[in-house]
Amino acid sequence: MFLQPVVSIKVGRIMGEIALLQMVSIPDLDANLQQAQFLIEVAVKQGARFILLPENFASFATGRMQEVAAQEIDQSGRLRSFVAEQARRHGVWLLAGTIPTRRRADGSLLHARARSASWLLDDAGNEVARYDKIHLFDVEVADQQQSYRESSEVEPGDTPVVADTPWGRLGMAVCYDLRFPELFRRYQQAGAELLSLPSAFTRTTGDAHWEVLVRARAIETQCYMLAPNMGGQHTPKRATNGDSMIVSPWGEVLNRLKQGAGVVSADCDLQLLRDIRARMPVLQHVKLAPPSSAS
Ligand SMILES: O=C(O)CNC(=O)[C@H](CS)NC(=O)CCC(=O)C(=O)O
């Protein structure tokens with residue numbers, strides 16, 4: 001088996017209360033949990049109060065998504081108890097990237113596929129919100145793996161979710177959702193100030209599109225983008241783009257980390273956000289309603 005231990009931890013150039021964890025998960029679930037735990041400790045020591053993990057932070061590249069999803073049907077699941085315990089122990093808010101689960105939000109159980117759920121926990125480890133990834137990555141990519149068929153393993157969610165945090169109102173999205181601006185317009189209209197985008201962007205597509213799209217969503221919604229990504233070589237066939245970034249509502253990249261496991265942090269200034277919106281009120285200038293589905 002291909003195992004790449006984390007030998008160095010990188011940190012961005014500034015520090016703040018909001019911290020993204022960039023991970024290089026490997027085909028070993030225990031090692032991934034250790035990596036996450038270690039990075040959380042680094043972030044906490046730097047003063048983080050809200051920590052965001054990438055998509056599939058524990059199950060990525062393990063080939064065990066369905067096995068994990070079958071166990072994550074309530075709060076006693078291993079990954080869900082891990083994140084709740086981390087939030088409680090350190091007294092921090094946590095966005096648990098995504099965790100696959102066989103239980104839908106309405107309580108019903110899936111028998112084959114999983115939902116890819118992004119959980120928001122408060123500093124006591126309580127669940128505040130859950131968003132299920134809506135747009136699934138069924139795409140041919142010119143990389144080593146060539147073909148991605150996420151929908152063979154995942155059932156898409158159908159509901160946008162916003163939640164209030166001590167840092168502002170958060171609109172929740174995951175990875176490939178980034179390419180669908182209508183979701184982010186909805187969040188802007190629902191009063192979002194922060195947008196979370198835990199990701200595992202491929203190196204090939206990320207190289208071409210990641211920065212442009214993350215900054216575009218920040219600029220057009222006038223929100224802070226919080227985008228923790230996977231960033232490294234996970235298996236001989238799987239490489240991710242990294243470049244986790246926090247982007248201001250003006251489109252400025254406040255902090256970023258190109259590759260490797262590490263922590264990217266910054267502060268979000270809601271006064272700056274309000275100034276930008278007051279001077280350039282794009283939301284009030286929206287002219288076109290969504291097209292009616294009948295035509
Ligand atoms: O498969 C896993 O273990 C974890 N999940 C992912 O890696 C997901 C689905 S395959 N990746 C993306 O959505 C990449 C999107 C992307 O790269 C793009 O939009 O260009």
Side-chain angles (χ1 to χ4, degrees), residues 1-2 4 21-29 31-33 35-36 52-72 79 95-102 112-119 131-157 172-184 195-217 225 227-245 258-259:
M1 199 185 327
F2 179 90
Q4 180 186 278
L21 305 189
Q22 180 159 292
M23 292 182 59
V24 190
S25 294
I26 58 175
D28 179 334
L29 201 130
N32 296 339
L33 288 180
Q35 185 182 151
L52 295 90
L53 282 74
E55 183 180 24
N56 274 308
F57 66 95
S59 53
F60 188 85
T62 59
R64 292 170 61 184
M65 190 188 221
Q66 297 310 318
E67 178 198 330
V68 170
Q71 288 160 8
E72 300 295 329
L79 304 190
L95 183 101
T98 63
I99 294 175
T101 174
R102 284 256 162 105
R113 294 184 297 172
R115 290 291 188 112
S116 187
S118 187
W119 261 289
Y131 165 80
D132 292 357
K133 184 178 187 181
I134 293 176
H135 304 93
L136 301 180
F137 195 53
D138 290 351
V139 175
E140 308 303 321
V141 176
D143 68 359
Q144 294 281 303
Q145 180 156 324
Q146 295 283 327
S147 185
Y148 295 79
R149 284 290 169 274
E150 190 175 23
S151 66
S152 68
E153 294 227 66
V154 177
E155 176 184 82
M172 300 170 71
V174 176
C175 198
Y176 188 54
D177 285 333
L178 177 63
R179 295 179 184 272
F180 302 86
E182 61 276 18
L183 173 63
F184 296 85
L195 299 165
S196 55
L197 190 81
S199 299
F201 241 70
T202 73
R203 192 168 288 170
T204 304
T205 58
D207 208 34
H209 302 151
W210 171 258
E211 177 179 353
V212 174
L213 290 178
V214 173
R215 294 180 66 193
R217 296 297 88 85
M225 281 291 285
N229 202 3
M230 291 281 173
Q233 188 78 41
H234 305 267
T235 68
K237 280 190 159 184
R238 196 84 191 262
T240 51
N241 178 65
D243 206 13
S244 296
M245 57 175 83
K258 291 283 184 191
Q259 282 281 293

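Atoms within each ligand, like the ligands themselves, are counted from 1 in listed order. Residue numbers start at 1 and run along the sequence shown. These numbers come from a predicted model, not from an experiment.
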Peer 1: Taking non-hydrogen atoms only, is Arg179 closer than 4.0 angstrom to ligand 1 via side chain, backbone, both or neither?
Peer 2: side chain
Peer 1: Which part of Cys175 is near ligand 1, with near meaning a heavy atom under 4.0 Å away: side chain, backbone, both or neither?
Peer 2: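 Answer for Cys175: side chain.
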Peer 1: Between Gln71 and Arg102, do the side chains contain an N or O donor and an N or O acceptor separated by less than 3.5 Å?
Peer 2: no
Peer 1: Check the pair Met65, Val154 against side-chain contact (heavy atoms from CB on, under 4.5 Å), reporting the backbone distance first and the verdict last.
Peer 2: CA-CA 9 Å; Met65 190 188 221; Val154 177; 3.8 Å; yes
Peer 1: So, taking the atom named CZ in Arg203 and the one named NE2 in His234, what distance separates them when rounded to the nearest 0.5 Å?
Peer 2: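 Going from the CZ atom of Arg203 to the NE2 atom of His234 covers 7.5 Å.
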Peer 1: Heavy-atom distances under 4.0 Å decide this one: backbone, side chain, both or neither, for Lys133 against ligand 1?
Peer 2: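 Contact part for Lys133 vs ligand 1: side chain (C-beta onward).
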Peer 1: If you measure from each non-hydrogen atom of His234 to ligand 1, which part falls under 4.0 Å: side chain, backbone, both or neither?
Peer 2: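 No part of His234 is near ligand 1 at this cut-off.
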Peer 1: If you round to the nearest 0.5 Å, how far is CH2 of Trp119 from CG of Asp132?
Peer 2: 7.5 Å
Peer 1: Just to verify, which of Thr205, Leu136, Asp143 counts as forming a side chain to side chain contact (heavy atoms under 4.5 Å, CB included) with Tyr148?
Peer 2: Asp143
Peer 1: Below 6.0 angstrom between ring centroids: does that apply to Phe184 and Phe180?
Peer 2: no
Peer 1: Before signing off on this row, confirm whether Tyr148 and ligand 1 have an N or O atom pair separated by under 3.5 Å.
Peer 2: no
Peer 1: Quick one: does His135 get a heavy atom under 4.0 Å from ligand 1?
Peer 2: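 No; His135 lies far enough from ligand 1 that no heavy-atom distance drops under 4.0 Å.
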Peer 1: Tell me which one of Tyr176, Phe57, Phe137, Phe60 gets a heavy atom nearest to atom 16 (C) of ligand 1.
Peer 2: Phe137
Peer 1: Would you mind listing which atoms of ligand 1 come within a distance below 4.0 Å of any non-hydrogen atom of Thr202?
Peer 2: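 Once the distances to Thr202 are compared, the set is 17 (O).
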Peer 1: Ion pair present between Lys133 and Glu155, side-chain N to carboxylate O less than 4.0 angstrom?
Peer 2: no
Peer 1: Check each heavy atom of Asn56 against ligand 1 and say whether those closer than 4.0 Å belong to the side chain, the backbone, both or neither.
Peer 2: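 Asn56 to ligand 1: side-chain contact only, backbone stays beyond 4.0 Å.
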Peer 1: Is the shortest heavy-atom distance from the side chain of Asp138 to the side chain of Glu150 under 4.5 Å?
Peer 2: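 Side-chain contact under 4.5 Å: yes.
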Peer 1: Any idea which part of Met230 is under 4.0 Å from ligand 1, heavy-atom wise: side chain, backbone, both or neither?
Peer 2: neither
Peer 1: Atoms of ligand 1 less than 4.0 Å from Thr205 heavy atoms?
Peer 2: 16 (C), 17 (O), 18 (C), 20 (O)
